[in-house]
Structure formats: structure tokens, C-alpha cells
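Structure, as C-alpha cells:
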Amino acid sequence: MRDIIRFENIYVNGGSSVVGKTEAKGPLARYFDLCEEDEYFGKDSWEKAESEMTRRTLEKLFAKAHISPEDLDLICGGDLLNQCVASSFGVKEFGVPFLGLYGACSTFAEAVICASMFIKGGGAGRVAVCASSHFCSAEKQYRFPLEYGGQRTPTAQNTVTGCGALLLSGEPSDIRVADAMTGRIVDAGITDANNMGAAMAKAAADTLTRYFESSGMKPSDFDIVATGDLGREGYEICTELLKDSLPGLTDKYTDCGMLIYDLEKQDVHCGGSGCGCSAVVTAAYFLDKLTKGDASNVLLLSTGALMNPNTVLQGQSICGIAHAVHFERGTK
Amino acid sequence: MSIPCIKKEANAKNLTGDVMNNENYKKYAADRAKRSASALNCTKAFAVGGLICCLGQALSNLFISLGAGEKDAGTLVSVSLIFLGGLLTGIGVFDKIGKFAGAGTLVPITGFANAIAAPAIENKTEGFINGVCTKMFVIAGPVIVFGTLASAVYGVIYYVLTQVAQ
């Protein structure tokens, strides 16, 4: 089995992030480029709102990197909506070749891996990657209508309203994509759709174990090891799963779903989830740490829960997947 | 460098035995998952549900004092509470009350009104027929199915018993 994918000259040339109002009240607010108070993003449906959010994120990315859409060869992106519409409708006006990806909430890392492979293989020179989720469109599709008066269990998570994007190319910059590992689908047998953390924790542990086995690196080589959206429940399970096999991990290990909200003050139960979660935390917070030199090595594991409302009703278990991407400051 | 890693040790139970065994893992995950605060939720549900019933009784008394018969007053109470449930859903207040009260608003007829109104509002972007009208029964559909079915069964039993009694 091919494990780690090493990259030589894939660089991060910029990042952008757009979030909603709940995220703007969280501890990472100052790192985001745009915080939108209006849940509709000036549109008239949740689906259009999410597409608009994606459009604005890419627009911001282009502005920050001083490029125009014509300078791009490819956009790799995805979201949680049926048929991946938020991303495809969001990028349509740019007229750039587009690959729509779906990896549930692991989509961001999946997009970074695909984009890096495209650049490595010579199929593209400059690629934008993006991933988005919107609390309202996700609730509408996966759970209950927003106005429905119900209660959620303590292990539930809050879908992040946010879109994060990175610009990748072969043009040298301070930050590069050093290596990556594609995750395996892990069926942990969990059927509770309100406990995604437990459903994904085992997949995260699987990829982390494989990553550290085949990369020859140790958790102490990293400044941050972050899972995408395990939330507090999944974070604690993952810690428990790896406490013997990966000593030293707990000192470096965090979770984007726990970083993005204040779990004590905000009513988000176990933390954030959704494609946007690891995308905005990486594109805003981790990128800032890497740019300023506060961190030199960041391992991102975007975690995804693979299911749809029908498979859950059929009693099928929720599978997990986790893709790893290693961002490194400074060239070799 | 300050990375807010949350070093809180995994709480509750330690994972023992073969973690690759899904039955073992499922049990572990279920055991450690925090439960909803049942006692607190039941108390809130009792209080809010009770208040709704009091409101219903007050409305009933009002309608009777205005000259309605007892049976008509009951119907008018249902209509009024459904209207209130729909209205509060429409102005975006019901979900907040529901989050607090749980079964307290779910069980009375207000919950039924909310379950119809909420998806109707949510899906108005898909059009009046295919959005509002189709999706409004997504949550309350089973209630209507079983309600209709139960009334038919009740009717048959009632008919048989009255025939026997004659």
C-alpha cells in the first residue's frame, strides 16, 4: 500500500476565509478575512448564501494574492450540499476549470492533496482549493428546519458557517505542502448521527498512526497536530486511542472544531463541524501561525463522516475518513 | 508560541480491550457520551407544558364565558393554540422556546403546529407547491398518518360496540 505522498515544490501562496456570525463571536474571529452578519449573505436561500460565501472567499483570495481568475489553472473545491452545488455555483462566474470534490468534512485536505498532485504532475501550475459549509443549509439538508423547536444531545456539534481557500503553486513562498496521506475509510460501527466525533475518531487515529509510521516523523516534530472536526468528544476519544502508541501527541494535538468556538460560552455543544471548519481554521489561523513563524510544522487531518440521511435511517453505520496534510515553513 | 491545545485528559472511562473490535468501541463511545440532563429537562418540560395547558384552560373558560358550548370551546382552544404555535414559529421565537422546553412544547398541539410550520417556512425557496406544500408534512406526516388510522380503527370499534349494545 502506498502511504505517504511527498511533495518537493508545492507552495502556499495565500489563503482567505469568510465566516458567519457565530464564528465571528469565537476566539479566532480576528484571523478571518470577512465576517458576515447576514446568514443569507444578501441572497434569498441558504444554498445561494453558501455559494455566495464561496464566491466571496475566492474573490478575497485573488485580491490578497494579486491575481485574477485568468491566472488560475484549476479550482478544487467541495462542500456538504447534495451534488456539491455550493462550490460549483459559487465558482461559476470565474470561468476557471473546476473539480468538485466530496469527502464530507474531510474535503479541504482532499482538495489540497488533489491540487498538490495536479501541480506535481504538471497538470496545473496554479490551483485554488476551497471548502465550505453553512450551518443553515446543512441543518436543512441533514437535520431539522431551523424554526423547529427541538433539543440536541450533548455530543452534537455545530456546523461551521465558513469557507476557507488556499492558493497553491510551484512559485516559492515561505510555506509549502511537504507531504500528505490519503485516509482509509474506517467503519467504527457508530450509528448515532449526533455523535460524529466518535464515528470519526477511529479514522483520525488510523491516519495518524499510519502517518507517523511511514513518515518517520514523531509528534514532537510538529508544532500543531490538528484534526478537522472531531469536537471535544472525538478529540478525547482520539487522545485515548493513541495515548500509548503515540506518546507526546497530546502536547501538540488540538482540534479545529474546538478552536473555532468558545465551548464554554457559545452554545455549540461539542464544537464545530463541517467542511468549512478545518478550511477556515487552516486558511486563517494555522496559515497566520506559519507565516509569522510561530509554527514551522503543522499537520492537518481533515476528518469526514461518511453518510447521508437515508443511510442513517437505514441503520447503516457512519464511516469515518481522515486525510493528512503536512504544511511546513521554510524550504528544504 | 501559544497554541491553545486542549490538553484535557480523556475523561470518563479508559478504553480497554481490543479497540479494533467495533462492538467494544461502540460500547465505549456510548458509555462515555454525556447524557442529556434528563431531570432538568423533565422539570422544564413539565413547567412549560403545564403553562400551555393552563393557557388552554383559560382560553376555554374565556370562550365559554363568551357563549360557546363546551365542545365548541375545545375546538376553538385547539385552533387558537395551533395559531399561536404557527405564529411563534413564523416570527422565529418557537425554536428558542422549544430548545428550552423540549417535550413541554413538543407534546401539546403547539408542537404539532411548529412541526408543520417550520418545514413549510424552510422550504418556501423551493416554491409554493413543491416546497411549502410538499415539505410541510416531512416531520408531522407520521402524526397525521397514525391520527387518521387511529380514528378509523376507533370508528370501527365504536360502530361494532354500538351494534352489539343494540
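Note that the coordinates shown come from a computational prediction; the quantities given were computed from them, not determined experimentally.
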### Message
Within a 6.0 Å radius of atom OH on A/Tyr40, are there more than 12 heavy atoms belonging to other residues, nucleotides or ligands?
### Response
yes
### Query
With a 4.5 angstrom heavy-atom cut-off, which part of B/Ile97 approaches chain A: side chain, backbone, both or neither?
neither
### Query
Does some side-chain heavy atom of A/Thr153 sit less than 4.5 Å from a side-chain heavy atom of B/Arg35?
no
### Task
Please name the pair of heavy atoms, one in B/Tyr25 and one in A/Ala198, separated by the smallest distance, quoted to 0.1 Å.
OH-O, 2.5 Å
### Task
May I ask you to list the residues in residues 141-151 of chain A that approach chain B closer than 4.5 angstrom, counting heavy atoms only, ordered by number?
A/Phe144, A/Pro145, A/Leu146, A/Glu147, A/Tyr148, A/Gly149, A/Gly150, A/Gln151
#### Entry: Side chain, backbone, both or neither of A/Asp206 within contact of chain B (heavy atoms, under 4.5 Å)
neither
### Query
Does B/Leu87 CG have over 12 foreign heavy atoms under 6.0 Å away?
yes
### Message
Ignoring hydrogens, what is the shortest heavy-atom contact between A/Ile190 and B/Ala29? Give both atom names and the distance.
### Response
CD1-CB, 3.8 Å
### Which portion of A/Cys238 sits near chain B, non-hydrogen atoms under 4.5 angstrom
neither
### Query
Is the NZ atom of A/Lys43 crowded by more than 12 outside heavy atoms at less than 6.0 Å?
no
### Query
Which one, B/Glu126, B/Lys99, B/Lys34, B/Lys135, leads in non-hydrogen pairs under 4.5 Å with chain A?
B/Lys99
### Query
Which heavy atom in A/Thr155 sits nearest to a heavy atom in B/Ala33, and how many Å separate them?
CG2-CB, 3.6 Å
### Message
Tell me whether A/Glu233 is salt-bridged to B/Arg32, with the criterion being a basic N under 4.0 Å from an acidic carboxylate O.
### Response
yes
## Note on the structure
When the 4.5 angstrom heavy-atom criterion is applied to B/Ala101 and chain A, the contacting part is backbone
### Query
Where on A/Asp44 is there a heavy atom nearer than 4.5 Å to chain B: the side chain, the backbone, both, or neither?
backbone
### More than 12 heavy atoms from other groups under 6.0 Å of CD on A/Glu37
no
### Query
What do the steps show when you test A/Lys48 against B/Thr125 for side chain to side chain contact (heavy atoms under 4.5 Å, CB included), and what is the final call?
CA-CA 10 Å; A/Lys48 288 179 191 167; B/Thr125 46; over 6 Å; no
